[in-house]
Amino acid sequence: MTQTARRSRTPLRTGSAVNFTNVTKSYGDVHAVAGLDLAIDRGETVALLGPNGAGKSTTINMLLGLLANDGGRIELLGREPQEAVRAGQVGAMLQEGGLIPRVTIKELIEFMRGTYANPMPLAEILEIAQLTKLADRKADKLSGGQAQRVRFALALCGNPELIVLDEPTAALDIQSRRDLWQTMAAYAARGNTLLFSTHYLEEADEYAERIVVIAQGKVLADGTGAELKKSVGGKTVSIDLGDWDPDGFSRMPGVSQVEVRGARLHLNTVDADATVTALAQSGALRNIEVTGGGLEEAFISLTSGNNARSGS
Amino acid sequence: MLLGYLRLELLRTVRDGGFLIMSLAAPVMMYLLTSHMGGDHPTHADDVRTLAGMAGFGALGAVMTTSGGIAEDKKAGWLRQLRLTPLPTVTVIIGRGITAMFLALPPVLAVSLLAGLVNNVSLSAAEWGEMTALLWVGIVPIAMLALGCGYLIEGAKAHSVGLISYLMLSVVGGLLIDTKNFPHWLAKVSGWTPINRYKQLATDLALGHSMNTAALAILLAWSVALAGLAVLGYRKGATA
């Protein structure tokens, strides 16, 4: 690590931050988490991406020791989740988490700090969360973005090296979302580990070094945004077929599948550039359209469960 | 850690100005009303029983409001937030319990003051001290009941359960009508409630009688059992 941590801690940045081994959790007949394996190293910023009901919140609640797993093993920073949480090594920002009326932001943070043996200094918390000017404001008189920054500040109190955020930017406007990410990214840049769940694809793509896609309680894919897009494979190039023979297109560079729908020819390709070039050279470009290849398509394709190449 | 938590909870409570009026109105009015009714010359012991009953009625009602407050905290996610701090369960229960009991102080002191200053109930300084102390400390099992209800029951239901417990215990425990006017079977049931024994112990202290050990044992047993409920409730309720 090239990161120099000048602040309150000079942490060791090696080893595993989160380790799930074949973890299961059921509610009655519903297998919310069905054999989840997940390993996150210290210093990584990882997004947990999945549709509603994929098991994201259950996973996070087990990770924090709020929920007991039925089977498998969970380790945080080499210890039991509850131990790591109690030791202040893990900070968490939960959905709609804990802002109580009639106390100021400063009072709330001071209380939280008081519960830890080695808390982060108050001024540092306020600075990171950009709350210095709001410190004496009542915690229930805040905008959505400010409230979320207070929740982030509460997660910082124990001076944690792992921060877990459950849908941190849900219900925030774009500006507040950017502000919050700025503060979170600054904390991660100190060499800390950040794990967040989200259903915003762009957010996962933009801020996480690694995206773990889960659905039906399992890891479906795991990699960088670019890797995920690639794993699902390619784009679709479509043209007007005219009176061309569709079979001839299957030998074009990059083309993996040929399909005729009405008057249109659809070519699935792993290399859209090469395919389009070949089409142009053979004079077949008529109303060309190139689609797909976004993370969104990759995500839908992965989670819909009928893609043969999923689970890379 | 306990002091930090207690400070936070007390701050929230004191800043909610409404708590004083809410906890005082009912017992003060009821006390002034009942102590001036019934013409057949109440004895000193009757006066003390009315005093202990009405102070206890105020303490009980004030403490039971906590269950609704905790249910709101749960809904706001505050309990999960607490669970993610190093605060041990017992510390949370003690801190929240003392905060609940703090609410019982104004009605106990107000009814005692009215008794001494307006109704001319005459006790020695020691008797005053011991009685009010017991009226405060003895509310522990009810504070634990309020915590348990708040942690275990959701939202508005916790408010209703708190209110129903308050009314049931006031009546069956003999706070509003003394148990000596109860039918035999009801007086027997009443003897097993913590509230009845709480009133009995406070009355005995004020009248200079010795402590009734059965009463003390029943009150302690309820305290332990309901503290267990509160601990269980926090462990269960703060995760969901």
Side-chain angles (χ1 to χ4, degrees), chain A residues 27 57-58 60-68 76 81-104 106-119 138-140 147 150-151 153-160 162-166, chain B residues 1-20 22 65-66 68-96 98-100 102-103 150-151 154-155 232-240:
Chain A
Y27 300 101
S57 284
T58 304
I60 283 180
N61 282 333
M62 287 194 291
L63 184 104
L64 295 171
L66 287 173
L67 206 62
L76 287 194
Q82 283 197 349
E83 277 178 47
V85 168
R86 296 261 150 106
Q89 290 177 294
V90 184
M93 185 167 136
L94 302 168
Q95 285 186 51
E96 55 188 71
L99 295 189
I100 47 175
R102 299 189 296 279
V103 290
T104 65
K106 194 167 140 192
E107 284 163 349
L108 200 53
I109 294 174
E110 281 290 27
F111 156 70
M112 278 290 176
R113 290 183 65 250
T115 66
Y116 293 100
N118 298 301
K138 291 273 160 59
D140 56 344
V150 173
R151 294 188 184 102
L154 295 180
L156 291 177
C157 286
N159 205 3
L162 165 65
I163 290 201
V164 180
L165 312 124
D166 195 2
Chain B
M1 276 202 286
L2 174 60
L3 288 181
Y5 179 53
L6 192 57
R7 181 173 176 275
L8 185 81
E9 290 289 1
L10 285 177
L11 265 180
R12 295 168 66 196
T13 304
V14 172
R15 284 181 189 161
D16 181 13
F19 93 96
L20 207 60
M22 292 290 285
T65 59
T66 299
I70 290 178
E72 277 165 28
D73 284 352
K74 177 155 80 173
K75 208 169 139 207
W78 172 240
L79 296 186
R80 290 210 305 173
Q81 192 83 51
L82 273 185
R83 269 295 289 258
L84 292 173
T85 68
L87 276 182
T89 301
V90 173
T91 307
V92 173
I93 299 299
I94 293 174
R96 201 66 184 84
I98 294 175
T99 311
F102 171 78
L103 297 173
Y151 289 135
E154 301 299 324
L232 208 84
Y234 177 67
R235 293 221 168 115
K236 197 166 176 295
T239 56

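Note on naming: letters A, B, ... go to the chains in the order of the sequence lines (proteins, then strands), and numbering restarts at 1 for each one. All values below come from the heavy atoms of this structure, side chains included, with hydrogens, waters and symmetry mates left out.
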(request) Answer whether the closest heavy-atom distance between the side chains of Leu11(B) and Arg102(A) falls below 4.5 Å. (result) no

(message) At a 4.5 Å cut-off on heavy atoms, which part of Tyr116(A) comes close to chain B: side chain, backbone, both, or neither?
(response) both

(request) Say whether, by atom type as modelled, one donor and one acceptor occur between the side chain of Lys138(A) and the main chain of Pro101(A) under 3.5 angstrom. (result) no

(message) Once rounded to the nearest 0.5 Å, what's the spacing between atom CG of Leu156(A) and atom CE of Met93(A)?
(response) 10.0 Å

(request) Please flag which part of Glu110(A) lies under 4.5 Å from any non-hydrogen atom of chain B: side chain, backbone, both or neither. (result) neither

(message) Under a 4.5 Å cutoff for heavy-atom pairs, which residue among Ile100(A), Val85(A), Val103(A) has the most contacts with chain B?
(response) Ile100(A)

(request) Give the member of Glu72(B), Arg12(B), Met1(B) that has the highest number of heavy-atom pairs under 4.5 Å with chain A. (result) Arg12(B)

(request) Could you tell me whether Asp166(A) and Arg80(B) have a side-chain N and a carboxylate O separated by less than 4.0 Å? (result) no

